[in-house]
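Within every chain, numbering begins at 1; the chains are lettered A, B, ... in the order of the sequence lines, protein sequences first and strands thereafter.
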Protein chains: 2
Amino acid sequence: MRSERLIYLPLGGAGEIGMNAYVYGYGAPGAERLILVDLGVTFPDMDGTPGVDLILPDISWLKQNLDRLEAVFITHAHEDHVGAVAHYAAELGKPVYARVFTANIARRKLADAGLPEDTVRIVSAWPQQVKAGPFKVGFLPISHSIPESAGLVIDTPAGRTIHTGDFKLDETPIVGEAFDASLWAEVAKDGVQALICDSTNVFSPYPGRSEASIGPAIKMLVSEAEGMVVATTFASNVARLKTLATAARSAGRSVVLLGRAMRRMVEAAVETGVLTDFPPVISPEQALEVPRGNLMLLVTGSQGERRAASAQLARGKYLGLELKEGDTFLFSSKTIPGNERGVIRIMNALSEKGVDVVDDRVGDYHVSGHANRPDLERMHALMRPKMVIPMHGEHRHLREHAGLAEAAGMASAIAVNGTMLDLSGERPEVVEFNETGRTYLDGTVMIGAMDGVVRNRIRLALNGHVVVTLIVDEEDELLGDPWCETMGLAETGTSGAALVDVLEQDLSQFLNRASAKTLRDDGALDEAMRRIVRQTTQTEIGKKPEVTVVISRLG
Amino acid sequence: MRSERLIYLPLGGAGEIGMNAYVYGYGAPGAERLILVDLGVTFPDMDGTPGVDLILPDISWLKQNLDRLEAVFITHAHEDHVGAVAHYAAELGKPVYARVFTANIARRKLADAGLPEDTVRIVSAWPQQVKAGPFKVGFLPISHSIPESAGLVIDTPAGRTIHTGDFKLDETPIVGEAFDASLWAEVAKDGVQALICDSTNVFSPYPGRSEASIGPAIKMLVSEAEGMVVATTFASNVARLKTLATAARSAGRSVVLLGRAMRRMVEAAVETGVLTDFPPVISPEQALEVPRGNLMLLVTGSQGERRAASAQLARGKYLGLELKEGDTFLFSSKTIPGNERGVIRIMNALSEKGVDVVDDRVGDYHVSGHANRPDLERMHALMRPKMVIPMHGEHRHLREHAGLAEAAGMASAIAVNGTMLDLSGERPEVVEFNETGRTYLDGTVMIGAMDGVVRNRIRLALNGHVVVTLIVDEEDELLGDPWCETMGLAETGTSGAALVDVLEQDLSQFLNRASAKTLRDDGALDEAMRRIVRQTTQTEIGKKPEVTVVISRLG
């Protein structure tokens, strides 16, 4: 048996798409020195997380092993990779390494949170390597839908491991480094122990398309449009913003950036030198003086977010700008599953204004940032690793990707969040399973996904709430009648009487008959009254509400 | 000016996809005799209608004009066309006409609700016509994704109007009548005043495909599968069930139908003679004795519904049947926007079991039931109506469809729910707008969408709930301290103390300083305490909760 080992433990991002957080360790079992790759978030929804502000990986395991953690490495600046850095930086207290653009974004987050920006350290691209305990980590440029994405070359005493990060194989990415197959091959030439690989698009059967491929269609659309043109895409897709802005310019349109996230991304990209030749932009105020046929707005909110610029423009005026009949609105984006309703709401609101809405139905106006199935096969073949560990995917993606690797003769394993793999041998071995989960930022506090807080809110939303108050005097006798208030329930039931009246009558009837013993026992009273409220409400309106009973005892 | 007119007034289904309900009227303005076409429902979701059971059109306008209503006509048996019949039949008190299969389904609904089934009357296909006041209405067979869909030929003194219902142009529909272009042309030959036309697939650029076109791919998939095969589709897609069952049979697999809705549909289709040659089915108990390689389950739940057979099978055993590594699960369906999360949840649960999930990503295993853009153009050309009124679509679909008709030289208008059009002339004219809306079946009672009941539930889900109780004695003095209970809120805030303790302290502090005048005034107390609770909760945990204040006054 080996005395030391190389381990891999996803805490987020494996078995889901979002909140990436991958631990690597090297050393004696249980005493491995650790690094963390990425520290992202995922976004709440009304279905499962109503009222929650942000979802973060549960990093309890890491906090329990904090003395073993050397450093954090961020592959790129998407929220699902960098979004939790500011929330956890203080607790972790370790250096965070990233390339310059990614570091710029991460530092802005730290600054917003009032934390020292120098926690984030800037690293140059490969061949520079950062030493972190037994690891040497280098940032290998690769193309994605944000500038400066990097795969990580993780050198360990057990061999070289490659963590792809999010990637596509784009040789003409418009902004940022093109995929350089020879560079990747060079890195892999002495053997790769394990390839930990993006799985997002494993079900997409055709080779991925380059960012450059959609330029002509966008240019034609913009030049043929007559009124104002508005385009939305992910704020972080700087290459797309450049493609869109370039189309605007060649159609004689001035560009306006709307939405804080988008201005911030462009600013960061210009500051760090990754974005050059971006056409000059004008302010919303200046835009008011320009004929609508000479304007193009680039706006946030491609996923239908209610507060973003797209939604605001769909509802009415935004910063003085307003859409009209004859204008064109382009979704240069895909809708992430789950966001359809919000996006459709905006499309219909725009349609009501007479705006022509163009989306990517036929594939002319958007390309994905992830490697498709044949691209994954190409990456596997280029790296020739002993094993492929699929990450960045739901279970179905990981399973499909593992099958793809195995079919090509490489070892593989499906490792969802919490699965610790030993990567030291010829094949990945599951050595441990740690319960992982999610942490919610709810308002300004962190709560565990299993704390029941959000589950209670979901129950309130499904069932409504009845509050019963009752006063008992010093002799354990009722003082007055029970009082009911309802929230989120129909006022009148099948009996035709007000629901609260029927509830109060039924409760009074019970209390009048209740024994002195029951009236002395808060627990018994609470349980009985709760049962009556649920039964009566079920009879009256067919719902079983949540019930809060407040018993006040005088004296 | 004409003394009589033909009007059209959608109460549901125009400006949305779902809960279809279209009024036609003929007569003197304000005294038109009316018929209603379709009476459907739409389905609630957690986003906007948590806890709601069913969404129905608000038929207040119809109830106010009930003496003018002659009859109801149902085009086909999909829930969004027939689902509200049992809920409104008693109130409307008019005959409901449908063809035999549709009537069978409608009558089952009436029977379930304890209502007389003979409200629904069976009509033969065209050329039979039903006289209803000034209207003569005939059911013109057309293909769709359910047997026996019909367009309505509505003859009026102002000319012939055609209401397409939901349709596709399928000449080989497997079950039910093929689209018969010559029959439709014959009906239109003396001129069509208005074509009221399905808009669902107006954005689909290629001609629709026939149900028969997917048979070979399904047959191949089923014959090549090794373990058990499970397929899900809409329960009402009887043709698809036949295609799937036929593939099962030719692969030597016995068919099991799982899910009440699916058994009911097949039963109705066999009873009414629209389904013949359906392979014999076995029960789930019998299936336990059959080797898994000789089984095919046809199951409900293609949209990810939590209680349907698909979800049950994804979670574990269902009626003794359990999926395993090597089994195949086919989604012979498309996911309706908004249902993605539920469908993906099932796919991943199946993936965890080692089941191969096949969906319609490449278009081999599903075809739509609606006419695509070129099919709509063909229908327009066949009918040559004076005007095309788009229905059955969101605003963006209606707008696109109106543009399509106008581009081909026909008059058109976008008429969303509540818009009354006069169809008597050369062009549609908007003559009135009536506020329409939605009615919720919430438990067992009907509530208006604007009643605030559901809005309150959404607020509870987003913000949580604080209940404050306070007792004031006969002299308007406090009896004890205020008491707080929270639901759906973090227990501990930034101060490190329990939230309820901080709330109670802040409220006590306020009450101790409150003037006698304030203590006498329930309204002032309520408002002040509510404000304190919201401020303190905001400070402690960053949320502004819903607050219920209960003040009990003794004596």
Backbone N or O of B:G51 within a donor-acceptor pair of the A:K543 side chain at under 3.5 Å? yes

Strictly below 4.0 Å, N to O, side chains only: are B:R399 and A:D356 in salt-bridge contact? yes

Quick one: of A:G452, A:G15, A:G403, A:S351, who has the most non-hydrogen atom pairs under 4.5 Å with chain B? A:S351

State, to 0.1 Å, how close A:L462 and B:P50 come at their nearest heavy-atom pair, and which atoms those are. CD2-C, 4.3 Å

Which portion of B:F203 sits near chain A, non-hydrogen atoms under 4.5 angstrom: both

Please classify the contact of A:E400 with chain B as side chain, backbone, both or neither, using a heavy-atom distance under 4.5 Å. neither

Quick one: closest heavy-atom pair of A:V453 and B:A490, and the distance? CG1-N, 3.8 Å

For A:L460 and B:R459: C-alpha separation, side-chain torsions, deciding distance, then whether side chain to side chain contact (heavy atoms under 4.5 Å, CB included) applies. CA-CA 9 Å; A:L460 289 170; B:R459 284 189 180 149; over 6 Å; no

Which of these passes side-chain hydrogen bond (donor to acceptor under 3.5 Å, both in side chains) with A:N348: B:H397, B:E394, B:E16? B:E394

Assert top hit (heavy-atom pairs under 4.5 Å, partner chain A, pool B:G480, B:A349, B:G542) equals B:G542

Write down the atom of A:I471, the atom of B:L554, and the distance for their closest heavy-atom approach. CD1-CD2, 4.0 Å

If you round to the nearest 0.5 Å, how far is CD of A:E340 from CD of B:E340? 3.0 Å

Exercise: identify the closest heavy-atom pair between A:M46 and B:A461: CE-CB, 3.8 Å

Got more than 12 heavy atoms from elsewhere within 6.0 Å of CD, A:E406? yes

Given that the side chain runs from C-beta out, which part of A:V343 has a heavy atom under 4.5 Å from chain B: side chain, backbone, both or neither? neither

Would you give the length of the straight line joining atom CE of A:M487 to atom CD of B:E546, rounded to the nearest 0.5 angstrom? 4.0 Å

Considering only heavy atoms, which portion of B:V467 lies under 4.5 Å from any heavy atom of chain A: side chain, backbone, both, or neither? side chain

Decide yes or no on side chain to side chain contact (heavy atoms under 4.5 Å, CB included) for B:R396 and A:I344, but give the supporting numbers first. CA-CA 9 Å; B:R396 61 195 175 116; A:I344 287 173; 3.8 Å; yes

What do you reckon, is CZ of A:R306 surrounded by more than 12 foreign heavy atoms closer than 6.0 Å? no

Answer key: most heavy-atom pairs under 4.5 Å with chain A among B:R361, B:E485, B:M347 is B:R361

Looking at CG of B:L470 and OG of A:S552, how far apart are the two atoms once the value is rounded to the nearest 0.5 Å? 9.0 Å

For A:T494 and B:T444 the tightest heavy-atom approach is CG2-OG1, 4.4 Å

Pairs of heavy atoms under 4.5 Å with chain A: top-ranked of B:P337, B:S204, B:G338: B:G338

With chain A, which of B:T469, B:T335, B:D45 has the greatest number of heavy-atom pairs at distances under 4.5 Å? B:D45

Which value, rounded to the nearest 0.5 Å, describes the distance between A:E352 atom CD and B:I414 atom CD1? 9.5 Å

Please look at A:L479 and chain B and tell me whether the side chain, the backbone, both or neither of the residue comes under 4.5 angstrom of a heavy atom of that chain. side chain

Under 4.5 Å heavy-atom distance to chain A, tell me which part of B:V549 shows up: side chain, backbone, both or neither. backbone

So which atom in B:G488 and which in A:R457 form the shortest heavy-atom distance, rounded to 0.1 Å? O-NH1, 2.8 Å

Assert top hit (heavy-atom pairs under 4.5 Å, partner chain A, pool B:D442, B:I447, B:V362) equals B:D442

Side chain, backbone, both or neither: which part of A:T537 has a heavy atom under 4.5 Å from chain B? neither

